[in-house]
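Down below is the structure, laid out as structure tokens.
To find a chain, count down the sequence lines: A is the first, B the second, and so on, and within it residues start at 1. Note that the coordinates shown come from a computational prediction; the quantities given were computed from them, not determined experimentally.
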There are 2 protein chains.
Amino acid sequence: MTTILDVCRLANVSKATVSRVLSGNRKVKEDTRDVVMRAVEQLNYRPNQLAQSLATKVSNTVGVLTNGLTDSQLGQVLRQLDSALWGQGRSFILANGVDGAASLADKLSFLASRHCDAILLLGKNYDHRWFDDLDVSDLPPLLTMNQTLDEIDGVQFDQALTAELACNYLYSHGHTQIAVLLESGSGGEQMLQGYRHALENRSLPFNRQMVAQHADGATAISMLINRYIPFTAVLVPDDHQAIEVIRTLAQYNIQVPQEVSVISLMTGIEGERYTPAITGFEVPEEKMLQSLLRLLDDVIKGGGEGGSDVTREFMGKLIIRQSVRTME
Amino acid sequence: MTTILDVCRLANVSKATVSRVLSGNRKVKEDTRDVVMRAVEQLNYRPNQLAQSLATKVSNTVGVLTNGLTDSQLGQVLRQLDSALWGQGRSFILANGVDGAASLADKLSFLASRHCDAILLLGKNYDHRWFDDLDVSDLPPLLTMNQTLDEIDGVQFDQALTAELACNYLYSHGHTQIAVLLESGSGGEQMLQGYRHALENRSLPFNRQMVAQHADGATAISMLINRYIPFTAVLVPDDHQAIEVIRTLAQYNIQVPQEVSVISLMTGIEGERYTPAITGFEVPEEKMLQSLLRLLDDVIKGGGEGGSDVTREFMGKLIIRQSVRTME
DNA sequence: TTGTACGCGTTATCAT
DNA sequence: ATGATAACGCGTACAA
């Protein structure tokens, strides 16, 4: 590879001058600038980014830790990242899959040794405990998306607000007996919060018999059914649970949406393809990623605290399909 | 970040000793090794890979240029890459999407400035001309997969052999009038070669009226039909064209597979889901990628020419579905 | 066996 | 405006 010294020799100037011309920081005389640029082009010289990073302590590299993403989700996210970062002369290093606290520490440590300017935590299924005794002090700044990890900055999907919207939608379609299946993770608390808030706004009493929480949707809805409390609609965390619920209800000879309506807090292609197609809220992943990238920019540039005006809370967008019916 | 000097001070040794302990290259006394390791762990020290790379001229980073991949393909490939490279302490930098010679040069140049040890060219739709006046001299070694770019090493999908296999399969099922739609790129020549070879092996005459070449499958099959040459089967490059062909044939009131059989040279999930499901050959992408990674290892380690025993030519695996029927 | 000193390619701080 | 030179963090001949 040609180095800056090659350019120096060809242009008869010092390293400093070449560096100045390329970075554009300081003023240089027109003539010399031209000479340098000619030499640069002639040699097809490109600064060694490793050396640059070593000197400036800025690597223009961001680490991306992903987990629990399907191939197509992974591809979609990485494609977006690539196109967004490319425009900024940055690139990313991927670390996919985390299966424990040690694994998490390893991956983060690896990315840190590569001196990433920041690390993005994307995807699902991160366990809170993995972060408990994690020494974040000698790591690059961490940023999360769609994760409710306290102490880590980032953008979030507002499950509480979206759950409230879901309930309001059901109410406006005549449903008054709404059951809810909580997400088994921390999102469950948020869902419950939104659910109760919707109730309060309508001055309706809260009945804890109407809420169930279990990682398996079939089990959760069974619990509900066995309580013999009537309900006309049920709010579930995602399409996967929605489908389990619909299947289980079918075993009890309960039709969706004729007898019970189902609404998904986070719907996607899975719910779109199912029969009946599932009504629910879509996570604005693209917008969220864009916001996260702006946040990233702030973190890298601002270095310190320069908080700017980035949207950090997102709510779902209602997609009306077939799993909710209007009560007469 | 803690540096090697911090370790030196804490362990009362020189940089050289610490470096030796961590790399394991040279011998060091048990005692001092222990002292150093203790200091390393206590400080949670991790060598700065940038500085390492600068000193050793090995970055343990590979550039990955992708093009023409769907999100799920991209995700699948990158997941595999990640898990394979992670085990070797390596990582990759992505550059997705190429739309011209300048764009190609840009991306490659970028990856080069990041001092990748090698660059992988993955995906489809690379134009030969983009590589014509590409100065490959000051670039890391290039490796391709699934691309027929002369002068670039890599692994390939043998379209000629697979086309021949496809014809043999059709013959063995009673088809003697086989038409072929060539891929519009360079793969077309290979398909034709395999097609003719299969003909020769059966001492059948070659009729150029039986071959058509067009990027659009509908157009290609229409050309064929308008020649009024009878055929009972048609070999097409991929599922996309297969589907276009089947649709077009339907417009002529020709049923698949009852009246005409269709076989795809490179079938995938698209063909699996279509009705009728498309019979064809599956590209062994995973195996190919594994082979490519072994090749990568040779290139990086061998540095020079150390050619090892890596499979470089792959053929499709026949997947029998519904689009081919047996003639009585 | 261990330490010294130099080089990797670049930026940045001083002089000039 | 430009040039010497010291960092940046690490590996490694060479010397001790």
Which of D/dG9, D/dT12, D/dT2 is nearest the side chain of B/Asn25? It is D/dT12
- Verdict with reasoning, B/Gln88 to B/Asp297, per side-chain contact (heavy atoms from CB on, under 4.5 Å): CA-CA 10 Å; B/Gln88 314 170 356; B/Asp297 229 45; 3.5 Å; yes
B/Arg9 CZ to C/dG3 P, in whole Å, measures 15 Å
In whole angstroms, the gap separating C1' of D/dC10 from CG of B/Asn60 amounts to 14 Å
Can you tell me if B/Gln52 touches the phosphate of D/dG11, counting only side-chain N or O atoms and a distance under 4.0 Å to OP1 or OP2? yes
B/Gln49 CD to D/dC10 P, in whole Å, measures 11 Å
Does B/Arg26 make a side-chain donor-acceptor contact with the base of D/dG11, cut-off 3.5 Å? no
The nucleotide from D/dG9, D/dG3, C/dT10 with an atom nearest the side chain of A/Pro47 is C/dT10
Note: for B/Ser14 and B/Ala51 on DNA chain C, the residue whose nearest nucleotide lies more 5' is B/Ser14
Requested in this report: Would you classify B/Val13 as touching base, sugar-phosphate or nothing, given that sugar-phosphate means primed atoms plus P, OP1 and OP2, and contacts are heavy atoms under 4.0 Å?
Outcome: sugar-phosphate
Item to complete: Would you please say whether a donor-acceptor pair under 3.5 Å links the side chains of A/Arg114 and B/Ser91?
Response: yes
For atom CD of B/Glu286, is the number of surrounding heavy atoms from other residues, nucleotides or ligands below 6.0 Å larger than 12?
no
In whole angstroms, the gap separating C1' of D/dT12 from CG of B/Leu22 amounts to 15 Å
Q) For atom CE of B/Met1, is the number of surrounding heavy atoms from other residues, nucleotides or ligands below 6.0 Å larger than 12? A) yes
Rounded to whole Å, the NZ-P distance (B/Lys15 to D/dT12) equals 13 Å
Answer yes or no: side-chain N or O of A/Arg20 and base N or O of D/dG3 forming a donor-acceptor pair under 3.5 Å. yes
Practice task
Indicate whether any N or O donor in one side chain lies under 3.5 Å from an N or O acceptor in the other, for B/Asp117 and B/Ser59.
Solution key: yes
Winner on side-chain proximity to A/Lys57, out of D/dA1, D/dG9, C/dG9, is D/dG9
Q: Could you check whether A/Thr56 gets within reach of a base, just the sugar-phosphate, or nothing at all, counting any heavy atom under 4.0 Å?
A: sugar-phosphate
Regarding the side chain of A/Lys29, the nearest nucleotide among D/dC10, D/dA1, D/dG3 is D/dA1
For a quick check of understanding: with a heavy-atom distance under 4.0 Å over all strands, which category does B/Thr32 fall into, base, sugar-phosphate or nothing?
sugar-phosphate
Atom CD of residue position A/Glu189 - does it have more than 12 heavy atoms of other residues, nucleotides or ligands inside 6.0 Å? no
Between B/Arg33 and B/Ala55, the residue closer to the 5' end of DNA chain C by nearest nucleotide is B/Arg33
Rounded to whole Å, the CG-P distance (B/Asn48 to D/dC8) equals 12 Å
A/Leu50 atom CG is separated from C/dG9 atom P, nearest whole Å, by 11 Å
Taking D/dA4, D/dT2, D/dC10 as options, the one with an atom nearest any side-chain atom of B/Tyr45 is D/dC10
Contact under 4.0 Å: A/Ser19 side-chain N or O vs C/dT11 OP1/OP2
yes
*For B/Thr17 and C/dG3, is the shortest distance between a side-chain N/O and OP1 or OP2 below 4.0 Å?*
yes
To the nearest angstrom, the CZ-C1' distance between B/Arg46 and D/dC10 comes to 16 Å
Winner on side-chain proximity to B/Ile4, out of C/dT1, C/dG3, D/dC10, is D/dC10
